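Please read all numbers here as calculations on a predicted model, not as lab measurements. Each residue takes its place number in the sequence, starting with 1.
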Amino acid sequence: MSCLCKGSNEALLVCNGFKDAEYISLALVARKLALNTVIVLEQEEELDLVVNLSQKFAVRPLIGVRAKLRTKHSGHFGSTSGEKGKFGLTTTQILRVVRKLEQARMLDCLQLLHFHIGSQIPSTALVSDGVGEAAQIYSELLRLGAYKQVIDIGGGLGIDYDGSKSTHSDVSVGYSLEDYAAAVVKSVRDVCDRKSVKHPIICSESGRAVVSHHSILIFEAISASAADNPDISRIASFLKSFT
């Protein structure tokens with residue numbers, strides 16, 4: 001609701017997560033207000049709701065799909081990634097979505113591809129693998145006639161919490177912001193150039209990287225204790241009395 005009041009028609013308003021009729025209706029109202037509201041399909045069955053309600057509201061929606069990639073983040077934060085992840089559509093399901101939109105004469109509404117490898121990605125090698133796989137899907141969707149314009153690389157930009165710059169830790173990453181951006185752009189560009197398709201707009205949802213430096217926990221210390229420094233000679237004498 002806040003985005004309806006303060007949203008900009010020059011920005012993307014990406015709608016992720018579980019969607020019922022009320023959620024989708026609100027997103028379509030935002031679209032009627034000329035906001036770039038993209039309804040990202042997380043489950044295949046959400047498409048029927050989007051198509052039916054958009055016809056009821058007489059509005060052409062902007063639709064995205066969340067792809068379930070094979071690239072898997074093996075760390076602590078990668079449980080929602082890979083082919084067995086909870087969220088997203090497999091390539092077979094994405095193809096069914098394309099066919100349904102084609103039948104409804106709404107294939108031009110499919111404009112965004114979204115994916116999420118997992119939070120706190122430890123290395124740019126993993127970033128490159130995931131983005132490259134997504135770029136392949138983007139290229140094929142263009143070939144099938146979708147009006148794809150945007151690749152949303154989701155979250156994953158990590159924070160080096162402990163300063164170790166390690167690629168094998170859940171609390172560190174082995175790259176800088178510049179390294180991350182360069183890996184993303186190169187992976188997309190290489191695939192698009194090889195497939196001879198237009199380069200997309202790239203956006204991200206790097207929530208951890210945006211907010212982690214702006215949070216601090218402050219609390220009042222209500223008591224304190226100090227460890228006793230043992231007198232080694234007295235302990236030795238005490239032990240000696242038992243021998």
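Lys198 is listed as a side-chain neighbour of Tyr138, based on a closest heavy-atom distance under 4.5 Å. With contacts defined as side-chain heavy-atom distances shorter than 4.5 Å, the pair Tyr161/Ser169 does not qualify. Side chains of Lys100 and Asp48 form a contact here, defined as non-hydrogen atoms less than 4.5 Å apart. Using a 4.5 Å heavy-atom cutoff, the side chains of Glu133 and Gln136 are not in contact. A heavy-atom distance below 4.5 Å is found between the side chains of Glu42 and Asn16. The shortest side-chain heavy-atom distance between Arg31 and Pro61 does not fall under the 4.5 Å cut-off. Side-chain atoms of Ile151 and Val131, non-hydrogen and from C-beta on, never get closer than 4.5 Å to each other. A heavy-atom distance below 4.5 Å is found between the side chains of Val173 and Gln120.
By the rule that hydrophobic residues join a cluster once side-chain heavy atoms approach within less than 4.5 Å of another member, Val65 and Ile137 end up as members of one cluster. In terms of hydrophobic clustering, with Ile, Leu, Val, Met, Phe, Trp and Tyr side chains grouped at heavy-atom distances under 4.5 Å, Leu142 and Tyr147 are assigned to different clusters. Residues Ile153 and Leu177 share a hydrophobic cluster, clusters being chains of Ile/Leu/Val/Met/Phe/Trp/Tyr side chains in contact below 4.5 Å. Cluster membership for Leu69 and Val191, using ILVMFWY side-chain heavy atoms within less than 4.5 angstrom, is not shared.
Rounded to the nearest 0.5 angstrom, Arg189 CZ and Ser187 OG are separated by 9.0 Å. Summarising the geometry, atom CG belonging to Leu13 is positioned 11.0 Å from atom CG belonging to Leu33; distances are rounded to the nearest 0.5 Å. The CE atom of Met106 lies 7.5 Å from the CG atom of Leu47; values are rounded to the nearest 0.5 Å. Between atom CD of residue Gln149 and atom SG of residue Cys203 there is a gap of 12.0 Å, rounded to the nearest 0.5 Å. Taken from CG in Leu28 to SG in Cys15, the straight-line distance is 9.0 Å, to the nearest 0.5 Å. The structure places CG of Leu113 at 6.5 Å from CG of Leu141, a figure rounded to the nearest 0.5 Å.
The hydrophobic cluster analysis finds Tyr23 isolated: no Ile, Leu, Val, Met, Phe, Trp or Tyr side chain comes under 4.5 Å of it, directly or through other members. Residue Val38 is found in a hydrophobic cluster whose other members, listed by chain and number, are Leu12, Val14, Val40, Leu62, Leu112, Val150, Ile201; membership requires side-chain heavy atoms under 4.5 Å apart, directly or through intermediates.
Here the side chain of Lys195 pairs no donor or acceptor atom with the backbone of Arg143 at under 3.5 angstrom. In this structure a side-chain-to-backbone donor-acceptor pair under 3.5 Å is present from Thr90 to Gln93. The main-chain N or O of Gly17 is found under 3.5 Å from a side-chain atom of Lys19 such that the two form a donor-acceptor pair. Judged by distance alone, with hydrogens and angles left aside, the side-chain atoms of Asp129 form no donor-acceptor pair with the main-chain N or O of Leu126 at under 3.5 Å.
The minimum heavy-atom distance between Gly130 and Ile117, with the atom names listed, is CA-CD1, 3.7 Å. Across all non-hydrogen atoms, the minimal contact from Ser123 to Thr167 is CB-CG2, 4.1 Å. Smallest separation of non-hydrogen atoms from Leu107 and Leu144: CD2-O, 3.6 Å. Of all the heavy atoms in Ala209 and Leu157, the pair that sits closest is CB-CD2, 3.5 Å. In terms of heavy-atom proximity, Thr37 sits nearest to Ala27 at CG2-O, 3.5 Å. Nearest heavy atoms, Asp162 versus Ser172: OD1-CB, 3.3 Å.
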How far apart are the C-alpha atoms of Arg60 and Asp108, what are their side-chain angles, what is the distance that settles it, and do they pass the side chain to side chain contact (heavy atoms under 4.5 Å, CB included) test?
CA-CA 9 Å; Arg60 300 288 287 181; Asp108 61 302; 2.6 Å; yes
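The side chain to side chain contact (heavy atoms under 4.5 Å, CB included) with Val127 is formed by just one residue from the set Thr71, Asp179, Ile121; it is Ile121.
Residue pairs meeting the ring-ring contact (aromatic ring centres under 6.0 Å, His included) criterion with at least one member in residues 172-192, sequence neighbours excluded, are Tyr175-Tyr180.
Electrostatic pairing of Asp190 and Arg194 does not count as a salt bridge here, judged by no charged N lying under 4.0 Å from a carboxylate O. Checked for salt-bridge contact, Arg99 and Glu102 miss the test: no charged N lies under 4.0 Å from a carboxylate O.
No side-chain donor-acceptor contact under 3.5 Å links His116 and Asp152.
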